[in-house]
Amino acid sequence: MIRDQIRQIVTEAVGSAQSSGNLPAVDFPPVEIERPNQADHGDYSSNFALLATSAIKKATGQRANPRQIAQSVVENIPTGGLVGSVELAGPGFINIRLHENWLQQSVLSVLEQGASFGAIDRGKGQRWQVEYVSANPTGPLHYGGGRNAVLGDALANVLEAAGYDVQREFYVNDSGTQFQLFIESLYVCYIQLCEELDGLTKRNLEIPEGGYQGAYLHDYAKLVRERRGDRLAHLEPGEARAELREDGREIVVRDIEDELASMGVTFDRWFSEKSLYDEGLVDQLLEQLSDKGEVIKRDGALWFLASSYPGNEKDEVVVRSNGAPTYFASDIAYHYDKFVRRKFDRVINVWAVDHQGHIPRMGAVMRALELDPERLKILLYNLVKLIRDGQEVKMSKRSGDILTVREVVEEVGPDAVRFMLLTTSPERSIDFDMSLAVQRKNENRVYYVQYGHARICSLLQRAAQSGHQNPEKVPDDAAEIVGLLSDPAELTLIRRMLEMEEQIELAVDRLSPHNLTYYAEDLTKTFSVFYENCQVLHSDVPRDLARARLLLVLAAKTALSRVLNLMGMSAPEEM
RNA sequence: GCGCCAGUAGCUCAGUGGAUUAGAGCGUCGCCCUGCGGAGGCGAAGGUCGCAGGUUCGAGUCCUGCCUGGCGCGCCA
């Protein structure tokens, strides 16, 4: 990374200053490089001298002058390469500007990297898992799950860009109470459908208490009947429901899968909760924890003694007194599987805020399994409120009449959904204004960015038509002609593109990719300024300059489509 | 009651402990089209960063207390 290179250069300068006696031989804190807020403070700056002052005071008791320290460092930073100029500023800041030649040449580096532009190797050799959505397989996805999908997917994209080996997983809760209720509800719908269509005697079955009643169940039931005819209706209810589990699971999971695919979200693995029971892993883990005294029997139930771990106030039931395990039991086995069997270095679970209470418990589980709790990270996100025509979209849960991800995607389009759900930091709730998201107006930020990309494409296309060499191809004299890019608007655009690595790093560090939306806008804005100020295809523009600018435009396209892709959005050629 | 999160411009939101002016978009008010997509660009107005203390050379950012709103504290998930 550029910033790492700068850090290295400054660190070496500190070393030189120390060995020549200009700086005292004390232990200094590591050099930090930051991005100044103001452009005239350079591309990068370091507050090293200010931190060094207190380090010297601590070590020797002497008071040092930060400006003097900074001066000693500045003198030892060679210009050339990527460093254009170095200056001492204010109370002791070291401001560094990138070299113009180096900036120009980096246009070619952007083109070389192409679709992987901005990739860094921070995660090299590490296997991470992102588990997201993991909604109950009991029906279509509630729109709120859309935020989970978008966050998890973009985060996984960004982690891959940062060099991590990432696995995307959806945990299918096909074993608990909710799934059972779903199957029972589906059974009732199926029987009713058979009674109606196959003339069977009415049994007057009713959806069980707490069961599911959405209209989608009838669609599911139809699918079952298409596969099985009325065969299951002639079996004992218990037997029929057992058989229905498979069909029901398949149908609902497929439905959710399609729904997520409609906004471009896919998974590497759909992990079955039931499989943890089938292979006995849950029992095995409960025994194991029981042997270690972490799990005990009390009041007829089996308890995990979570309260012996920090942050936990109470114990948790893992097996109810009626013998049925809670979801928490399989969660223990599931995380054992993730960390011990599959050996993920780190796992990120994306959860809605209403699961926040589960976090300390999982921390306790990690400790009980003798795993470093740091290896499990929870990305919590707040709820989404849908607004249409200035009013909150309310829905009745009882009738199962929910607004689904599919419906929202159909109404506003996958790209707008993704962008909108990504702009806000996860811990904040979102008021998602659907009426605004569909408007092709200035207020809609999604279109601003995509329009910028389309305009770039149109420019490149026009270039090809007006007799330029295929602008998508880098010419042999590219290294020479990019040297003609010296307009402030051109250099600013290059600088902005070169922030890509840092933007990716930032999203990874915070486990939150929302900065990408702002970066995309910023990049687009910077391109627009260039576009206004620098003509490309115009008779007044010298041919080589036009060619150089076309390379820059192509690089801008590379950068902009890269950010859009990281966010999981399309980069339209035209709109 | 306890815990977690949020409170920044009229609105929607960024903000990684540092340099006299805390940013963006929208909205408002002015400009810029004999030129590559005006779904654009430039500029202006607009802020007690919820409140009160504290730490620091320096706080929107860290600490404490309080106010407001959301969520969580089940043999639910």
Side-chain angles (χ1 to χ4, degrees), chain A residues 32 34-38 40-41 45 47 50-51 53-54 66 89-93 95 134-136 138 173 176-179 210 298-303 311 313-314 316-328 331 351-360 380-383 385 420 423-431 433 436 439-452 454-463 466 502 505-506 509-510 514-515 517-519 521-522 524-525 527-541 546 549 553 574-575:
Chain A
E32 305 216 8
E34 45 199 43
R35 285 279 194 177
N37 290 327
Q38 293 181 40
D40 51 315
H41 294 155
S45 78
N47 61 352
L50 294 119
L51 298 177
T53 309
S54 51
F93 286 93
N95 293 341
S134 298
N136 271 332
T138 56
N173 298 106
T177 322
Q178 295 307 314
F179 185 68
R298 185 197 299 158
D299 304 331
L302 222 48
W303 297 74
E313 284 169 7
K314 46 190 191 50
E316 300 297 327
V317 170
V318 283
V319 179
R320 303 178 182 91
S321 45
N322 68 6
T326 63
Y327 82 104
F328 191 57
D331 245 18
W351 290 350
V353 274
D354 53 346
H355 287 64
Q356 64 187 245
H358 194 39
I359 296 175
L380 271 193
Y381 66 93
N382 217 317
L383 305 178
K385 204 192 286 180
M420 294 291 187
T423 44
T424 309
S425 57
E427 60 271 19
R428 278 177 89 118
S429 61
I430 295 183
D431 287 348
D433 190 333
L436 177 64
Q439 283 178 34
R440 301 189 147 210
K441 291 208 305 198
N442 299 357
E443 302 133 78
N444 192 337
R445 304 155 76 189
V446 183
Y447 284 100
Y448 176 72
V449 175
Q450 290 192 320
Y451 173 75
R455 194 155 61 168
I456 290 172
C457 293
S458 152
L459 185 53
L460 291 170
Q461 208 168 24
R462 193 171 281 267
S466 64
E502 287 160 49
E505 185 187 56
L506 185 62
D509 283 347
R510 297 201 199 146
H514 68 278
N515 59 304
T517 62
Y518 295 92
Y519 178 52
E521 282 183 288
D522 204 14
T524 308
K525 172 82 174 179
F527 176 79
S528 291
V529 172
F530 158 78
Y531 183 84
E532 292 288 327
N533 288 290
C534 301
Q535 284 288 312
V536 182
L537 306 172
H538 193 267
S539 49
D540 293 352
V541 181
R549 284 180 175 168
V553 171
E574 53 188 34
M575 294 176 69

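Excluded from the calculations below are hydrogen atoms, water molecules and symmetry mates; all remaining heavy atoms, backbone and side chain alike, are included. Note on naming: letters A, B, ... go to the chains in the order of the sequence lines (proteins, then strands), and numbering restarts at 1 for each one.
- Classified by interplanar angle (parallel below 30°, tilted 30° to 60°, perpendicular above 60°), the ring pair A:Y531/A:F527 is tilted.
- Within the nucleic acid shown, A:S321 comes within 4.0 Å of at least one base atom, counting heavy atoms only.
- Among the atoms of the strands shown, none is found under 4.0 Å from any heavy atom of A:R35.
- Using atom P as the reference point in both B:C57 and B:U16, the two lie 23 Å apart (nearest Å).
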Please write out the pairs of protein N or O atoms and N or O atoms of nucleotides 57-59 of chain B separated by less than 3.5 Å, giving the distance to one decimal.
none

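- Nearest to the side chain of A:Q356, among B:G15, B:G18, B:C4, sits B:C4.
- The nucleotide whose nearest atom lies closest to any side-chain atom of A:V317 is, among B:A14, B:C36, B:C75, B:C75.
- A:Q535 has its CD atom 15 Å from the P atom of B:C33, to the nearest Å.
- Distance from the side chain of A:P91 is smallest for B:A19 among the nucleotides B:A19, B:U16, B:G72.
- Atom CG of A:D431 and atom C1' of B:A6 are 13 Å apart (whole Å).
- Comparing the same atom, P, in B:U12 and in B:A77 gives a spacing of 37 Å after rounding to whole Å.
- Checking side-chain atoms of A:N322 against main-chain N and O of A:A324 turns up a donor-acceptor pair under 3.5 Å.
- Between A:R455 and B:G38, a side-chain N or O to OP1/OP2 separation shorter than 4.0 Å is present.
- Comparing B:C13, B:G18, B:A77 by their closest approach to the side chain of A:F93 singles out B:G18.
- Here the P atom of nucleotide B:C71 and the CZ atom of A:R428 are 16 Å apart, to the nearest Å.
- Here A:T517 lies out of heavy-atom contact (under 4.0 Å) with every strand.
- Backbone-only engagement by A:T177 is indicated by non-hydrogen atom pairs under 4.0 Å involving sugar-phosphate atoms exclusively.
- One N or O on the side chain of A:T326 and one on the backbone of A:V317 form a donor-acceptor pair closer than 3.5 Å.
- Within 4.0 Å of A:L51, counting heavy atoms only, lies at least one base atom of the nucleic acid.
- Between the A:N382 side chain and the A:E427 main chain, a donor and an acceptor come within less than 3.5 Å of each other.
- A:T424 comes within 4.0 angstrom of sugar-phosphate atoms only, judged by non-hydrogen atoms across all strands, and of no base.
- Base orientation for B:C51: anti, the chi torsion being more than 90° from 0.
- Between B:G18, B:A39, B:G15, one nucleotide has an atom nearer to the side chain of A:M575 than all others, and that is B:A39.
- For A:N95, whose side chain is taken as the heavy atoms from C-beta onward, the closest listed nucleotide among B:C76, B:A19, B:A6 is B:A19.
- Across all strands shown, A:H358 has no heavy atoms under 4.0 Å from either base or sugar-phosphate atoms.
- Summarising the geometry, the separation between CG on A:D331 and P on B:C76 is reported as 15 Å, rounded to the nearest angstrom.
- Residue A:L380 contributes atom CG, which lies 15 Å from atom P of B:C71 at whole-angstrom precision.
- OP1 or OP2 of B:C71 has not a single side-chain nitrogen or oxygen of A:S429 nearer than 4.0 Å.
- A:Y518 places its OH atom 9 Å from the P atom of B:C13, with the value rounded to the nearest Å.
- Straight-line distance between the P atoms of B:G40 and B:A14: roughly 23 Å, to the nearest whole Å.
- Nucleic acid contact for A:D299: base, since at least one base atom lies under 4.0 Å from a heavy atom of the residue.
- Crowding of A:E34 atom CD: a count of heavy atoms from other residues, nucleotides or ligands under 6.0 Å exceeding 12.
- The P atoms of B:G17 and B:U61 are separated by 11 Å, rounded to the nearest whole Å.
- The aromatic rings of A:F328 and A:H358 stand perpendicular to each other, their planes meeting at an angle above 60°, with 30° marking the opposite boundary.
- Using atom C1' as the reference point in both B:C49 and B:U8, the two lie 4 Å apart (nearest Å).
- For A:Y531, whose side chain is taken as the heavy atoms from C-beta onward, the closest listed nucleotide among B:C36, B:C75, B:U16 is B:C36.
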Quick one: which protein N/O atoms are closer than 3.5 Å to N/O atoms of nucleotides 41-46 of chain B? Pair and distance per line, please.
unit_1: B:G41; atom_1: OP1; unit_2: A:Y448; atom_2: OH; d: 2.7
unit_1: B:C42; atom_1: OP2; unit_2: A:K525; atom_2: NZ; d: 2.7

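- The base of B:G18 sits with one of its N or O atoms less than 3.5 Å from a complementary donor or acceptor on the side chain of A:N47.
- If you check every strand for non-hydrogen atoms under 4.0 Å, A:C534 touches a base.
- Here A:A324 lies out of heavy-atom contact (under 4.0 Å) with every strand.
- Spacing between atom CD of A:E313 and atom P of B:G74 amounts to 10 Å, rounded to whole angstrom units.
- In this structure, the side chain of A:E532 does not engage the main chain of A:V529 through any donor-acceptor pair within 3.5 Å.
- One interatomic measurement links the two molecules: CD of A:Q461 to P of B:C36, which rounds to 16 Å at whole-angstrom precision.
- Nearest to the side chain of A:Q178, among B:C73, B:G15, B:A77, sits B:A77.
- Among the nucleotides B:G72, B:U16, B:A19, the one closest to any side-chain atom of A:L506 is B:U16.
- A:E574 comes within contact range of at least one nucleobase, with a heavy-atom separation under 4.0 Å.
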